[in-house]
Q: 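What follows is a single structure, and I will ask about it in a moment.
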There are 2 protein chains.
Amino acid sequence: MIAPKYHVFICTSGRPNGIQKGFCHSKGSVDLVGYFSEEVEDRDLSDDVMITNSGCFGICAKGPVVVVYPEGVWYGNLTEEDVPRIVEEHFEKGIPVADLMI
Amino acid sequence: MIAPKYHVFICTSGRPNGIQKGFCHSKGSVDLVGYFSEEVEDRDLSDDVMITNSGCFGICAKGPVVVVYPEGVWYGNLTEEDVPRIVEEHFEKGIPVADLMI
């Protein structure tokens, strides 16, 4: 079985039929995929952290939404500045960032 | 915090930039989203099971790939016939379907 320590799902508002439409997408979530990937690579955490773009989670008003499993931590309203905090505090030190949770 | 009992991620090969390209997509994974949704609704499990389409998991040769969190169960090579088994045995009875795991 594949078992990343942290599996990060970033909503990029892609519908099952391929159309990209939604709040997360319009609020820069596609860029977040890149920021997370770079930050994880820079900190040499690629073996522990898997990043996957996802479709809509249904709570668009709180987008961009990012979900981290297996813990089930939900982050919302994320910006570029939040990414290094989540990667350092949550994925590196093991402590989810409480004030970014929804 | 949002906490579905089972959060089902179905790869529909959507890239972060919106382009839909990949093995899972070519093997009917988009239809799987519909089959899972219908089966979950028919069995009145909508409160327990959240279904989200996702981007690529990087193990395309085993597609269509479906991942279930928080357990971290990975299913592969799925067909329409496998969906009622997973919904009944895993989501209804709580026992992951061993022979469909990868």
Side-chain angles (χ1 to χ4, degrees), chain A residues 1-22 24-26 28-37 46 49-76 96-98 100-102, chain B residues 1-22 24-26 28-37 46 49-76 96-98 100-102:
Chain A
M1 192 191 294
I2 306 99
K5 188 171 175 188
Y6 299 107
H7 198 157
V8 184
F9 292 91
I10 302 169
C11 175
T12 54
S13 309
R15 306 293 163 106
N17 63 4
I19 294 172
Q20 198 160 35
K21 190 178 169 185
C24 290
H25 175 244
S26 70
S29 68
V30 173
D31 291 336
L32 286 182
V33 177
Y35 300 142
F36 268 105
S37 300
S46 301
V49 182
M50 180 181 279
I51 294 167
T52 304
N53 60 293
S54 87
C56 184
F57 293 117
I59 42 172
C60 306
K62 297 187 177 172
V65 173
V66 168
V67 190
V68 182
Y69 278 109
E71 296 156 300
V73 171
W74 291 65
Y75 291 117
V97 184
L100 298 176
M101 287 184 204
I102 52 175
Chain B
M1 190 190 296
I2 307 100
K5 188 170 177 188
Y6 299 107
H7 198 157
V8 184
F9 292 91
I10 302 169
C11 175
T12 53
S13 308
R15 305 294 163 105
N17 64 4
I19 294 172
Q20 198 161 35
K21 190 178 168 184
C24 290
H25 175 244
S26 70
S29 68
V30 172
D31 291 336
L32 287 182
V33 177
Y35 300 142
F36 269 105
S37 300
S46 300
V49 183
M50 180 182 280
I51 294 167
T52 305
N53 60 295
S54 87
C56 184
F57 293 117
I59 43 171
C60 306
K62 296 186 177 173
V65 174
V66 168
V67 190
V68 182
Y69 278 109
E71 297 156 300
V73 170
W74 292 65
Y75 291 117
V97 184
L100 298 176
M101 287 185 204
I102 51 174

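Chain letters run A, B, ... following the sequence lines, proteins first, then strands; residues in each count from 1.
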Q: Answer with side chain, backbone, both or neither: which region of I59(A) has an atom nearer than 4.5 Å to a non-hydrogen atom of chain B?
A: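 The answer is the side chain of I59(A).
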Q: Ignoring hydrogens, what is the shortest heavy-atom contact between F57(B) and H7(A)? Give both atom names and the distance.
A: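 Here F57(B) and H7(A) meet closest at CE2-CE1, 3.7 Å.
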Q: Please rank P16(A), S54(A), P70(A), G55(A) by heavy-atom pairs under 4.5 Å with chain B and give me the top one.
A: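 Top count of heavy-atom pairs under 4.5 Å with chain B: P16(A).
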Q: So for C56(A), is it side chain, backbone, both, or neither that comes closer than 4.5 Å to the heavy atoms of chain B?
A: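 It is the backbone, since no side chain atom gets that close.
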Q: Of the non-hydrogen atoms in R15(B) and Q20(A), which two are nearest, and what is the gap between them?
A: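 That closest heavy-atom pairing would be O-NE2, 4.4 Å.
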Q: For Y69(B) and Y69(A), take the angle between the two ring planes, folded into 0 to 90°, and tell me which bin it lands in: parallel under 30, tilted 30 to 60, perpendicular over 60.
A: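 Judged by the thresholds at 30° and 60°, the geometry between Y69(B) and Y69(A) is parallel.
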